[in-house]
Amino acid sequence: MNGRRNNSISAWLFTTDHKDIGTLYLAFAIVAGTLGGAISGFMRLELAHPGMNFVVNGQEWNALITAHGLLMIFYMVMPALIGGFGNWFVPLMIGAREVAFPALNSLGFWLLPLSFVMLIASLLTGDGAGTGWSLYPPLSGIDGQPGASVDMTILALHLAGISSIVSAINFIATIINMRRPDMRMSDLPLFVWSIFLASIMLILAMPVLAAALAMLLADRNFGGAFFDPAGGGDPMLFVNLFWFFGHPEVYIMILPAFGIISQVVSQFSGRPIFGYAGMVGAMVTIALLGFIVWAHHMFTTGIGFAPRAFFTIASMIIAVPTGIKVFTWIATMWGGSIRVTVPMLWALGFIIMFTVGGITGIVLANAGADQVLHNTYYVVAHFHYVLSLGATYAIFAGFYYWFPRMSGRVFPEWAGRLHFWSFFIGTNVLFFPMHFLGLGGMPRRIADYPDGFAGWNLVASAGALLALASTLMFLVMLLSTLLSGAPASRRFWGPAFTHEWDDDQPDDTVVSGRAPRAAIGDLSA
Amino acid sequence: MKGLRAALCVILVALLPAQALGDGPSNWQMDFGTSASETKARIVDLHHHVMLIGIVILLVVSLLIVFALVRFRSDRHPAASKVTRLPWLEFGWTIVPVLALGAIAAPSMQLLAYEAKIPDAALTIKVSGHQWFWRYTYPENGGFAFDSIMLPPAAVPEGEPRLLAVDNRMVVPVGAVVRIQVTSSDVVHSFFMPALGLQIYAVPGRLNETWTKVDRPGVYYGQCNQICGLNHSFMPIAIEALPQADFDAWVQQARTRFPASAANAGPSTTQQASAEQ
């Protein structure tokens with residue numbers, strides 16, 4: 001078996017190889033992302049014209065938007081960025097033969113499809129969980145959602161949370177213990193730093209979500225009253241706990257994106273990243289600040305002047321380290337020798353679109369202005385600019401960058417460029433008009449809207465059509481390249497600054513199905 | 001800065017089609033809609049101030065990227081610079097955003113303080129969110145209460161917007177400070193009135209408080225803005241602002257039209273909300 005890929009089903013089921021597990025995560029993210037994208041396509045179809053045109057009722061609509069949000073966050077962005085690229089490239093970049101706990105790694109992955117099945121089942125059971133991904137009680141309580149769907153969603157999120165924590169523990173142990181001897185923490189590639197910090201954030205934030213969900217489960221099924229005012233509880237407790245998880249979660253998704261963009265910009269500027277120490281410092285600062293800004297999601301819940309002032313200032317301060325990152329990427333390009341390859345296109349798209357999302361983020365950070373912007377389409381536009389045009393562009397930047405290394409094949413250049421430009425135009429036509437809808441006062445999460453919002457909604461739906469067509473083309477080209485693409489050389493992009501492109505790596509030589517001895521040896525050494 | 005802001009406003013206005021009559025949203029609107037209170041006007045000012053700074057930042061970032069792409073393409077600039085740090089530059093791009101944020105934070109705090117401090121109110125209205133309608137109570141005007149339910153599309157009168165028109169509007173006097181107390185009888189709702197710059201959650205078990213002072217007579221529309229179940233899309237808010245004399249006449253009429261219950265008179269309490277269930 002040595003030297004050749006074993007592609008039997010059992011080899012994939014029982015693999016503990018970090019590269020195989022990375023591939024599984026990426027394949028899983030593509031499946032979940034396609035489903036989440038298909039749901040969003042249906043949502044845009046419904047919203048293209050005023051009226052209840054396709055959904056049966058508001059509950060079905062609410063269940064769909066909930067599924068879209070959860071799928072994209074927990075089953076697409078996180079598995080792709082952290083599980084996929086993290087598993088593939090953290091060990092290679094730090095010169096480790098394996099991750100610290102290969103079997104745990106396998107557990108971390110396989111919990112995810114279970115969780116995914118549970119989430120889909122919750123959508124198909126009864127009326128679905130029509131709560132929004134934020135699951136606020138009392139709407140998510142037993143009176144608001146009487147069926148089993150919310151319970152199943154809670155269990156799905158518990159499983160996904162365990163998966164995330166397990167994989168975070170693995171990354172932290174790997175990065176601390178298994179670096180090649182000559183690599184200090186201060187030599188880590190920025191992508192490895194980003195996974196390291198996101199992992200620490202996961203371990204701190206996920207248990208808070210788990211606690212809130214456990215309390216919700218108790219309220220629903222075991223006579224609890226944590227969030228029920230009639231029993232002395234308070235729904236605002238859940239809202240606080242949820243966002244104490246929810247805001248760090250945003251940075252858990254965006255830090256690895258920052259890491260990928262740093263690698264790609266450095267590679268295609270032909271020089272190491274400029275201002276490395278500043279970049280690490282900026283990421284550490286963002287990770288810390290991420291834990292003290294949660295109540296900016298709650299400016300209109302009735303909290304007083306002092307908390308609103310504090311959370312306004314704290315949220316705006318995040319613009320400083322974020323600005324450092326954007327300026328550092330530009331400085332890396334400045335004086336570099338730039339090649340505008342397909343991954344570089346995605347990275348450039350990321351930088352500009354993320355800046356747009358950052359600017360609307362600063363607007364939304366102002367509690368005073370939030371009184372007319374909170375929960376409107378302005379917010380929808382903002383978070384899709386940082387996630388759908390931010391994190392997703394970073395996923396594609398990483399995907400096209402590392403594709404030759406992962407698959408050993410060349411993705412056709414024209415297809416990559418067509419994919420980028422069609423997706424770039426599609427997503428901007430889709431999400432930019434949402435700023436106008438938000439300023440006009442259109443609430444999010446409504447299935448039908450006043451006729452005055454019809455114009456921009458139609459434009460947005462047209463953009464969605466283009467973005468979906470673009471994604472479809474990507475999937476077709478991906479399949480065809482995997483089956484019959486031209487072989488790629490190992491150092492596909494030329495001289496590199498990180499080790500994943502080195503020649504002396506034991507590619508394809510690990511016998512799938514058992515932990516490689518070297519990994520265990522490395523850890524105990 | 002002033003000139004730039006004026007230019008931006010001119011561009012925005014030029015892009016705006018003529019506003020439709022009435023104060024609901026209008027098609028192809030690209031900016032805030034109606035402003036009928038000082039709060040809203042101040043919010044619009046802050047937004048445009050921040051957005052102007054933001055657009056300058058976006059232009060600078062985009063131009064730098066385009067310039068770098070042109071100037072430092074590998075065919076024109078084959079040898080990459082070896083410099084990896086320039087402390088003065090890194091210090092600079094840390095300090096400049098801090099200054100920009102300072103320029104935003106000062107007016108932002110002023111706006112927040114203006115919104116958070118409730119002036120002496122001439123009138124209190126209690127708003128209670130229900131799945132899926134609003135109940136308005138006037139405890140200081142005899143304690144009458146009424147429900148405000150969306151009109152089905154077929155029943156919407158000519159000139160009123162679909163999904164926003166209601167059977168009974170909340171009525172307020174123009175020019176008077178109105179204290180608004182908001183709670184909910186079931187799930188979380190959000191009382192959102194864009195034209196007045198007003199939004200606060202309706203949370204069961206809590207009594208939230210905010211205020212407004214409407215500039216001019218008119219009918220203003222908003223919608224429930226927190227997902228609240230099956231008919232979340234169909235839970236509009238309509239506020240009609242009347243001159244004081246007309247408001248007084250409306251109160252007289254409302255007191256006979258809507259039955260006052262003893263529970264509704266006097267200061268409102270949350271127990272009342274649960275008692276109503």
Side-chain angles (χ1 to χ4, degrees), chain A residues 57-59 62 132 136 138-139 144 229 234-235 270-272 274-275 278 300-302 305 308-309 312-313 316 319-320 323-324 326-327 330 333-339 348 352 355 359 362-363 366-369 371-372 374-375 436 439-441 443 445-448 450-455, chain B residues 24-33 43 46-47 50 54 58 61-62 64-65 68-69 72-74 77-78 80-81 84-85 90 93-94 97-98 101 105 108-109 111-112 115-116 161-164 187-188 190 194 197 199-201 203-205 208 223 225-233:
Chain A
N57 59 33
Q59 175 69 20
N62 293 345
Y136 285 4
L139 182 62
D234 187 349
R271 61 195 290 216
F274 181 91
T300 62
T301 57
F305 172 79
R308 276 191 283 171
T312 293
I313 300 290
M316 288 202 298
V320 176
I324 291 176
V326 170
F327 290 126
I330 296 174
M333 291 164 59
W334 203 272
S337 182
I338 303 172
R339 286 182 293 152
L348 292 170
I352 296 177
T355 305
I359 288 162
I362 294 174
V363 172
N366 293 285
Q371 288 198 175
V372 292
H374 177 82
N375 265 2
F436 308 144
L439 291 176
R445 293 168 169 164
I446 55 175
D448 185 8
D451 304 338
F453 296 124
Chain B
S26 58
N27 236 346
W28 307 113
Q29 173 179 337
M30 295 174 78
D31 197 355
F32 289 107
I43 290 173
L46 181 75
H47 174 273
V50 179
L58 182 64
V61 167
S62 308
L64 285 173
I65 289 177
L69 286 178
F72 299 104
R73 277 179 70 119
S74 56
H77 197 259
S81 158
T84 56
R85 47 185 309 216
E90 295 178 53
W93 69 44
T94 311
V98 171
L101 289 179
S108 172
M109 289 300 113
L111 171 64
L112 187 56
E115 290 172 352
R162 190 183 68 95
L163 302 191
L164 295 175
V187 303
V188 180
S190 183
Q199 177 167 204
I200 196 154
Y201 274 21
V203 183
N208 283 332
Q223 291 173 275
N225 198 17
Q226 174 62 41
I227 186 170
C228 59
L230 182 69
N231 288 331
H232 168 54
S233 314

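Chain identifiers are assigned alphabetically (A, B, ...) following the order of the sequence lines, protein sequences preceding nucleic acid strands; residue numbering begins at 1 within each chain. Only this structure's heavy atoms are used, side chains among them; waters, hydrogens and symmetry mates stay out.
The two residues A:Phe305 and B:Met109 come nearest to each other via the heavy atoms CE1-O, 4.2 Å. Heavy-atom minimum distance, A:Gly302 versus B:Asn208: CA-OD1, 3.5 Å. Between B:Asn27 and A:Gly455, the shortest heavy-atom contact is OD1-N, 2.7 Å. The heavy-atom pair separating A:His374 from B:Tyr201 by the smallest distance is NE2-OH, 2.6 Å. Minimum heavy-atom separation, A:Ile359 to B:Gly54: CD1-O, 3.0 Å. Taking all atoms of both residues into account, the shortest heavy-atom contact from B:Glu115 to A:Gly368 is OE2-O, 2.8 Å.
When side chains are defined from C-beta on, A:Leu439 counts as touching B:His47, because their heavy atoms get closer than 4.5 Å. For the pair A:Tyr136/B:Val203, no side-chain contact is recorded, criterion being any heavy-atom separation below 4.5 Å from C-beta on. Between A:Val372 and B:Gln199, the closest side-chain pair of non-hydrogen atoms is not below 4.5 Å. The closest side-chain heavy-atom distance from A:Leu139 to B:Val188 is not below 4.5 Å. Counting only heavy atoms from C-beta outward, the side chains of B:Leu69 and A:Leu348 approach each other to under 4.5 Å.
For chain B, the option among A:Gly336, A:Pro272, A:Gly278 with the highest count of heavy-atom pairs below 4.5 Å is A:Gly336. Highest contact tally toward chain B, considering only A:Ala367, A:Gly270, A:Ala309, is held by A:Ala309 [criterion: heavy-atom pairs under 4.5 Å]. With chain A as the partner, the residue from B:Asn231, B:Val50, B:Val98 showing the most heavy-atom pairs under 4.5 Å is B:Val50. Options A:Gly441, A:Ala447, A:Gly452 differ in how many heavy-atom pairs under 4.5 Å they form with chain B, and the most are formed by A:Gly452. Between chain B and the options A:Gly144, A:Ala454, A:Pro450, heavy-atom pairs under 4.5 Å are most frequent for A:Pro450. The candidate with the highest count of non-hydrogen atom pairs below 4.5 Å against chain B, out of A:Ile330, A:Thr355, A:Thr301, is A:Thr301. Between chain A and the options B:Leu112, B:Val187, B:Thr94, B:Leu46, the largest number of non-hydrogen pairs under 4.5 Å is found for B:Leu112. Of all the listed residues (B:Pro97, B:Pro194, B:Gly197, B:Pro161), the one sharing the greatest number of non-hydrogen pairs under 4.5 Å with chain A is B:Gly197.
The neighbour count for A:Arg339 CZ, taken as heavy atoms of other residues, nucleotides or ligands under 6.0 Å away, is above 12.
Under a 3.5 Å cut-off, the side chain of A:Ser337 and the backbone N or O of B:His77 do form a donor-acceptor pair. Judged purely by atom type and a 3.5 angstrom limit, A:Asp448 has no side-chain atom pairing as donor or acceptor with the backbone of B:Ser233. Between the side chain of B:Gln223 and the backbone N or O of A:Pro443 there is no donor-acceptor pair closer than 3.5 Å.
Interface residue A:Pro229: only side-chain heavy atoms are found under 4.5 Å from chain B. Only the side chain of A:Pro235 comes within contact range of chain B, with heavy atoms under 4.5 Å apart. Only the side chain of B:Leu164 comes within less than 4.5 Å of a heavy atom in chain A; its backbone stays farther off. Looking at A:Asp234, the atoms closer than 4.5 Å to chain B (heavy atoms on both sides) all sit in the side chain, from C-beta outward. Proximity to chain B (any heavy atom under 4.5 Å) is restricted, for A:Thr312, to the side chain, taken from C-beta onward. For A:Phe327, the parts lying under 4.5 angstrom from a heavy atom of chain B are both the backbone and the side chain. If you measure heavy-atom distances from A:Val363 to chain B, the contacts under 4.5 Å come from both the backbone and the side chain.
The CD1 atom of B:Ile200 lies 7.5 Å from the CD atom of A:Gln371; values are rounded to the nearest 0.5 Å. Atoms CD1 and CD1, on A:Ile352 and B:Ile65 in that order, are 4.0 Å from each other to the nearest 0.5 Å. With rounding to the nearest 0.5 Å, the separation of SG in B:Cys228 from CZ in A:Arg445 is 11.5 Å.
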Evaluation steps, side chain to side chain contact (heavy atoms under 4.5 Å, CB included), between A:Val326 and B:Trp93
CA-CA 10 Å; A:Val326 170; B:Trp93 69 44; over 6 Å; no
